[in-house]
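See structure below.
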Amino acid sequence: MKYFLKIFMIAVAMVTAIPSFAVSDKEMEQAKTLAAKHYLRYANNGSDYLDKLNPTSMSELTKSLKNKEIENIKSFNAVAVPKDYASWDKQKLVEYWSSTFFKAPGLKEDGKKCLGILARNLNKINVSASAAPKEAAPAAADQADTDARKPEVTSSPAPSPAQSPEKSQSQEETVDNPVVDQVDTDVDAVVAQADADTGMAEEQTPKSSNTGWYIGILVVLIGVVVWLVMYASKSMKETGASASGNKDMDKEIRDTKRAAKEELNKMREQYASSLTSKNEDIKHLKAQCETLESQLEAARRDAETLKRELAAAKEAAAQRPVVRESVQQSRESAHVVPAAHEAKPQTPQAKGPGLPPVVFLGHVNQKGLFVKASRSLNAEYSVYRMDIPDGHHGVFKVVNNPDILDRLLENPEHWLAGGCLIENPEDADIAAEIVTLQEGEALFADNTCRVTKKARIKFI
């Protein structure tokens, strides 16, 4: 217990014995001179000669200045300097001359560019320690009172001659610091009183202040080591528990990922199987559509043929009663009506010579006449397909055949404009098909075929 108490008292003595620092008049003058030199150097670009000067006072600096710098230093000297600098430390001295001073009005802005290098040079100034208060006399009085109250301590044997020089030397080393002597005296008194209270009568061997420091450092180090061991043990336990928990969590995550991957693979297989089945169904339906389209086209052609045959049959049937009625009237009135005026039977109007029910025609010229007719599609000049139900009137549409599509789209003005009204002529370059929205009409007469109504088409 006494050793820890002594260590505590020694630490208090060392803290109270730390010297304080204060700025002297000489150091203040030196800092002001250094600030003035740097200010004048940057206030005028032609003041580089100041770099070679190392003045220690303002008077020494002023003697070396040129006219321009003498003008500039007037504004520097016009700034009032605080009078309480004796209580400043080095940090406050550097802060004032490298920052606070230059915030005053009237100083040139160019001169303030020196603050960075000025602060570094101000830090090189040494600030002296202030004198400690002299309390040797009170310390001696306190020592006398302490000795009077502790007779048992004074009865201890005197130090041997071998120890005397060491003690004398220690006293000579500490005589310059009365505060330390006072603290050491108080420490000895506390230790002696503790020995008396506990009944310990062992001899006290003088200990130097360095030994106390070593003991204090050793105790602190032992405490730090113990704390580190406890902290490391606790950390290892927490790390082990965390590692175990992490392993369980990692295993759970792996199992979850594995299950999700298996489920994903199963869904992919189902999707692939479903996609294959749908593709087969689409292919089958497409084939059915093509077959139905072919059958529909054939049925449409048969229907048109039957329609034409029905129209011809109706026309022939309508003419038969007229013929029989004319013959009967001729027989009844043969004795009145001359043979030259005998009524002639009406016959159906004959179709154009050699016209088939379906013909393929070329383009329409500027006169509105079709050119180049043929019974079958000709890839070189055919453009339209025309149905002729009665031999005189026909309906036509553009042939949508890939063999002639490129030719028609390359020059739609030539091939299509004469017989068609085009809804979107600007899409000819990107069209893949020509659709007839409304069939056109034509009339056969005098071995020619003339457009009477243009067809409406669209590019798609």
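Quick note: numbers below take in every heavy atom, side chains included, and nothing from hydrogens, waters or symmetry partners.
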For residues 252-273, run the donor-acceptor check on the side chains, cut-off 3.5 Å, and write out each pair with its distance to 0.1 Å, sequence neighbours left out.
from   : atom 1 : to     : atom 2 : distance (Å)
Asp255 : OD1    : Arg258 : NH1    : 3.0
Asp255 : OD2    : Lys251 : NZ     : 3.4
Thr256 : OG1    : Glu252 : O      : 2.8
Asn265 : ND2    : Lys261 : O      : 3.2

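- Here Leu296 contributes atom CG and Cys289 contributes atom SG; the two are 11.5 Å apart, rounded to the nearest 0.5 Å.
- Within the model, atoms NZ of Lys32 and CE of Met58 stand 5.0 Å from one another, a figure rounded to the nearest 0.5 Å.
- Note: Asn123 CG to Gln91 CD = 9.5 Å, rounded to the nearest 0.5 Å.
- Within the 6.0 Å centre-distance limit, the rings of Phe396 and Phe370 are counted as a close aromatic pair.
- With Tyr381 as the aromatic partner, Lys372 meets the cation-pi criteria of under 6.0 angstrom to the ring centre and within 45 degrees of the ring axis.
- Note that CD of Glu293 and NZ of Lys286 are 11.0 Å apart. Values are rounded to the nearest 0.5 Å.
- Residues His393 and Leu443 have side chains in contact (heavy-atom distance under 4.5 Å, counting atoms from C-beta outward).
- You'll find the side chain of Glu297 reaches within 4.5 Å of the side chain of Arg300, heavy atoms only.
- Here Ile457 contributes atom CD1 and Glu439 contributes atom CD; the two are 13.0 Å apart, rounded to the nearest 0.5 Å.
- Within a 6.0 Å radius of CD in Glu380, other residues, nucleotides and ligands contribute 12 heavy atoms or fewer.
- Looking at heavy atoms from C-beta onward, Leu53 lies in side-chain contact with Leu50 at the 4.5 angstrom threshold.
- Contact annotation: the side chain of Trp97 approaches that of Leu93 to within less than 4.5 Å [non-hydrogen atoms, C-beta and beyond].
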Return all side-chain donor-acceptor pairs below 3.5 angstrom for residues 65-76, not counting sequence neighbours, or 'none' if the list is empty.
from  : atom 1 : to     : atom 2 : distance (Å)
Glu69 : OE1    : Tyr49  : OH     : 2.8
Glu69 : OE2    : Asn44  : ND2    : 3.0
Glu69 : OE2    : Ser47  : OG     : 2.2
Asn72 : OD1    : Lys108 : NZ     : 3.0
Asn72 : ND2    : Lys68  : O      : 3.3
Ser75 : OG     : Tyr39  : OH     : 3.4
Ser75 : OG     : Asn72  : O      : 2.9

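- A 4.5 Å side-chain heavy-atom check between Ile434 and Leu409 finds at least one atom pair inside the cut-off.
- Relative orientation of the Tyr85 and Trp88 rings is perpendicular, given thresholds of 30° and 60° on the angle between their planes.
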